[in-house]
S.K.: 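This is the structure I have questions about; it appears just below.
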Protein chains: 2
Amino acid sequence: MSSENPKRSVFAGFAEVAKALGHPHRLEILELAAQGERSVEGLAEQARLSVANASQHLQLLRRAGLLASRRDGKRILYRLSDSSVLELTAALGRVAERNLAEVRELIGGYFREHDALEPVTRRELTRRLKDDLVTVLDVRSEEEFAAGHLPQAINIPLRELSRRLREIPKSREIVAYCRGAYCVLAFEAVALLRPRGFKIRRLEGGYPEWRAAGLPVIYRQNGGALVPA
Amino acid sequence: MSSENPKRSVFAGFAEVAKALGHPHRLEILELAAQGERSVEGLAEQARLSVANASQHLQLLRRAGLLASRRDGKRILYRLSDSSVLELTAALGRVAERNLAEVRELIGGYFREHDALEPVTRRELTRRLKDDLVTVLDVRSEEEFAAGHLPQAINIPLRELSRRLREIPKSREIVAYCRGAYCVLAFEAVALLRPRGFKIRRLEGGYPEWRAAGLPVIYRQNGGALVPA
DNA sequence: AGATCATTCAATGACTCGATTGAATGATTT
DNA sequence: AAATCATTCAATCGAGTCATTGAATGATCT
């Protein structure tokens with residue numbers, strides 16, 4: 001970031017941030033870190049990266065101001081530095097979805113085919129929750145659920161869903177959610193449960209968006225590695 | 001953008017967009033194109049790039065869905081593809097300003113020193129304009145002004161400002177604006193005029209933000225290369 | 001039809017980025 | 001104090017990016 005011309009330098013700084021977003025693995029890491037604090041190893045595993053590689057990406061994201069980290073015992077925990085980062089990735093998604101034919105096809109084709117119906121808005125879910133009219137289903141991993149989840153949500157990770165159908169009430173309407181607007185888990189849950197007779201829709205966005213909107217969340221400090229941010 | 005895993009592909013598409021934002025020259029080009037349609041040569045000149053280099057950047061931005069282009073006679077005119085792009089760059093600015101110490105210093109130091117006062121909000125300017133209480137000063141180039149400007153604005157490009165002081169009423173309050181939130185022209189105008197006894201503040205954001213907010217703008221089709229988008 | 005002109009293309013060289021490997025660090029635990 | 005473990009560092013290689021140069025398009029104008 002060479003200086004002299006202030007405007008150029010500001011743009012250079014902005015470009016650093018944008019460059020940090022410019023790699024698929026890093027975008028995935030950001031989505032994972034948005035669920036709550038995670039160790040390098042945990043993130044590497046979930047993103048299917050080697051630990052060294054994940055560490056490099058994480059450091060780059062931290063230098064760009066997108067992630068923050070702290071030490072906890074012998075691990076380093078990374079988290080989203082700020083909810084403005086969520087707004088940035090959301091804006092990135094909107095532009096890509098609107099202006100890139102390839103992305104639009106992927107989302108319009110794959111995603112919509114799994115869930116023709118509009119998602120439930122956060123506002124609507126809040127209202128319904130107050131009257132206790134819905135069952136909220138969190139299909140993320142147990143660690144992510146433990147790090148924070150929607151009030152009254154039950155947790156069944158997607159891969160266990162087909163084995164644990166009896167835990168889900170068939171009489172009430174179900175709202176499924178996962179990691180974010182472009183996380184496929186909730187789509188898959190809808191695709192899996194609807195043909196089996198469940199009344200299920202998915203939530204707009206995921207847990208990070210819910211939390212960033214200032215809506216109530218539940219933390220469960222269960223001695224694990226994940227702590228509410 | 002290799003396929004198979006839909007989620008990976010979506011992230012790959014997002015990364016393409018982010019990569020396109022990941023170069024200072026391209027961010028500058030985006031700011032310039034946000035003022036209205038411009039030819040390759042015009043953009044190259046304003047950004048101080050060779051035509052071939054600018055052309056390459058422009059094509060990359062178009063492939064990423066950030067710019068759109070059309071032919072007009074023997075030139076190709078580029079424009080912002082969508083106002084969602086403005087939201088994206090605004091979000092990028094907010095994150096960089098908040099989380100990158102270098103950028104925060106630049107903006108907090110250089111910019112604020114030139115204008116300690118808070119900018120005038122768009123809402124406030126709208127109200128004041130209705131009562132005809134302010135003079136609006138556009139310090140961008142004549143071409144940019146011609147391509148679109150705020151109602152009742154007068155145009156004095158920054159480099160001519162010190163020679164044309166008599167055109168500016170000293171009795172009324174002045175609101176200066178330029179290309180955007182991180183464009184230095186309006187800051188410089190404030191720094192130049194305030195010591196000379198003018199009551200001057202700058203507008204939050206610039207012309208593109210005003211227009212994207214749905215507020216009224218004036219086009220002047222004067223046969224030049226710039227046409228309202 | 002040929003000349004003109006804006007833009008794009010293609011090729012080059014310097015530089016940066018990404019993933020892998022194996023070693024180094026540095027805090028914790030025994 | 002030594003062992004352990006998560007993370008980071010350093011070196012490497014292949015691939016990709018950026019600016020420059022000069023040539024090639026391809027639409028307009030005479």
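Keep in mind the model is a prediction, meaning the values are calculated, not measured. Proteins get letters first, then strands, A, B, ... in listed order; numbering begins at 1 in each.
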S.K.: Does a side chain donor of either B:S69 or B:R62 reach within less than 3.5 Å of an acceptor in the other side chain?
M.R.: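 On atom types as modelled, these side chains qualify, holding a pair under 3.5 Å.
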S.K.: Rounded to whole angstrom units, what separation is found between the CD atom of B:Q59 and the C1' atom of C:dA6?
M.R.: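 Roughly 13 Å, once rounded to whole Å.
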S.K.: Side chain of B:K74, heavy atoms from C-beta onward: which of D:dT28, D:dT7, C:dT8 has the nearest atom to it?
M.R.: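 So the side chain of B:K74 is nearest to D:dT28.
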S.K.: Can you check the B:L49 CG to C:dT7 P distance for me, whole Å?
M.R.: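 For the pair B:L49 CG and C:dT7 P, the rounded distance is 14 Å.
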S.K.: Rounded to the nearest angstrom, tell me the gap between atom CD in A:E16 and atom C1' in D:dT17.
M.R.: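 Rounding to the nearest Å, CD of A:E16 and C1' of D:dT17 are 14 Å apart.
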S.K.: Among side-chain atoms of A:Q46 and A:Q35, is any donor-acceptor pair under 3.5 angstrom?
M.R.: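 There is no such pair between these side chains.
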S.K.: Can you tell me if B:R71 touches the phosphate of C:dT7, counting only side-chain N or O atoms and a distance under 4.0 Å to OP1 or OP2?
M.R.: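 No, outside the criterion.
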S.K.: Ring-plane angle category for A:H57 and A:H25, please: parallel below 30°, perpendicular beyond 60°, tilted otherwise.
M.R.: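 Perpendicular: the ring planes of A:H57 and A:H25 meet at over 60°.
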S.K.: Rounding to a whole Å, what distance do you find between B:L77:CG and D:dT28:P?
M.R.: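 To the nearest whole Å, that distance equals 13 Å.
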S.K.: Judged by each residue's nearest nucleotide on DNA chain C, which is more toward the 5′ side, B:Q56 or A:L60?
M.R.: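 By nearest-heavy-atom nucleotide position, the 5'-most residue is B:Q56.
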S.K.: On the nucleotide D:dT17, are OP1 or OP2 found under 4.0 Å from the side-chain N or O atoms that B:H57 carries?
M.R.: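 No, outside the criterion.
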S.K.: To the side chain of B:I76, which of C:dT8, D:dT4, D:dT8 is closest?
M.R.: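 Out of C:dT8, D:dT4, D:dT8, the nucleotide with an atom closest to B:I76's side chain is C:dT8.
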S.K.: State which of D:dT8, C:dT8, D:dA27 makes the closest approach to the side chain of A:R62.
M.R.: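 Comparing D:dT8, C:dT8, D:dA27 against the side chain of A:R62, the answer is D:dT8.
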S.K.: To the nearest Å, how far apart are A:D72 CG and C:dG26 C1'?
M.R.: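 One finds 15 Å between C1' of C:dG26 and CG of A:D72, rounded.
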S.K.: If I take atom CD in residue A:E37 and atom P in nucleotide D:dT7, what distance separates them, rounded to the nearest angstrom?
M.R.: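 So the two atoms are 12 Å apart, to the nearest Å.
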S.K.: Mapping B:L58 and A:G73 onto DNA chain C by nearest heavy atom, which one lands closer to the 5' end?
M.R.: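 Going by which nucleotide is closer to the 5' end, it is B:L58.
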S.K.: Tell me which nucleotide among C:dT8, D:dT8, C:dG18 gets nearest to the side chain of A:A52.
M.R.: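 Among C:dT8, D:dT8, C:dG18, the one nearest the side chain of A:A52 is D:dT8.
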S.K.: Between A:R75 and A:E41, is a salt bridge (Lys or Arg N to Asp or Glu O under 4.0 Å) present by the stated rule, with each step listed?
M.R.: CA-CA 9 Å; A:R75 341 176 182 223; A:E41 199 176 22; 5.1 Å; no
S.K.: Quick check on C:dA6: is either OP1 or OP2 less than 4.0 Å from any side-chain nitrogen or oxygen of B:Y78?
M.R.: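 For C:dA6, neither OP1 nor OP2 has a side-chain N or O of B:Y78 closer than 4.0 Å.
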S.K.: From D:dA19, D:dT4, C:dT4, pick the nucleotide closest to the side chain of B:H25?
M.R.: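 The closest nucleotide is D:dA19.
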S.K.: Among D:dA19, D:dT7, C:dA6, which is the nearest nucleotide to the side chain of B:H23?
M.R.: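 Nucleotide nearest to B:H23's side chain: D:dA19.
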S.K.: What integer distance in Å separates B:N53:CG from C:dG13:P?
M.R.: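 These atoms are roughly 18 Å apart.
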S.K.: Consider only side-chain N and O atoms of B:E87 and B:S83, and report whether a donor and an acceptor are under 3.5 Å apart.
M.R.: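 On atom types as modelled, these side chains do not qualify, holding no pair under 3.5 Å.
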S.K.: Please confirm whether the shortest side-chain N or O distance from A:R75 to OP1 or OP2 of C:dA27 is below 4.0 Å.
M.R.: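 It does not, given that no N or O in the side chain of A:R75 lies less than 4.0 Å from OP1 or OP2 of C:dA27.
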S.K.: Please report, rounded to the nearest Å, how far the P atom of D:dC18 is from the CG atom of B:L27.
M.R.: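 So the two atoms are 12 Å apart, to the nearest Å.
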S.K.: Please tell me if B:S55 has a side-chain N or O lying less than 4.0 Å from either OP1 or OP2 of C:dT7.
M.R.: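 Checking B:S55 against C:dT7: no side-chain N or O falls below 4.0 Å of OP1 or OP2.
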S.K.: To the side chain of A:V40, which of C:dT8, D:dT7, C:dG18 is closest?
M.R.: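 Closest of the options to the side chain of A:V40: D:dT7.
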S.K.: State, yes or no, whether a side-chain contact exists between B:L150 and B:L203 at a heavy-atom distance under 4.5 Å.
M.R.: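 Yes. Closest side-chain heavy atoms under 4.5 Å.
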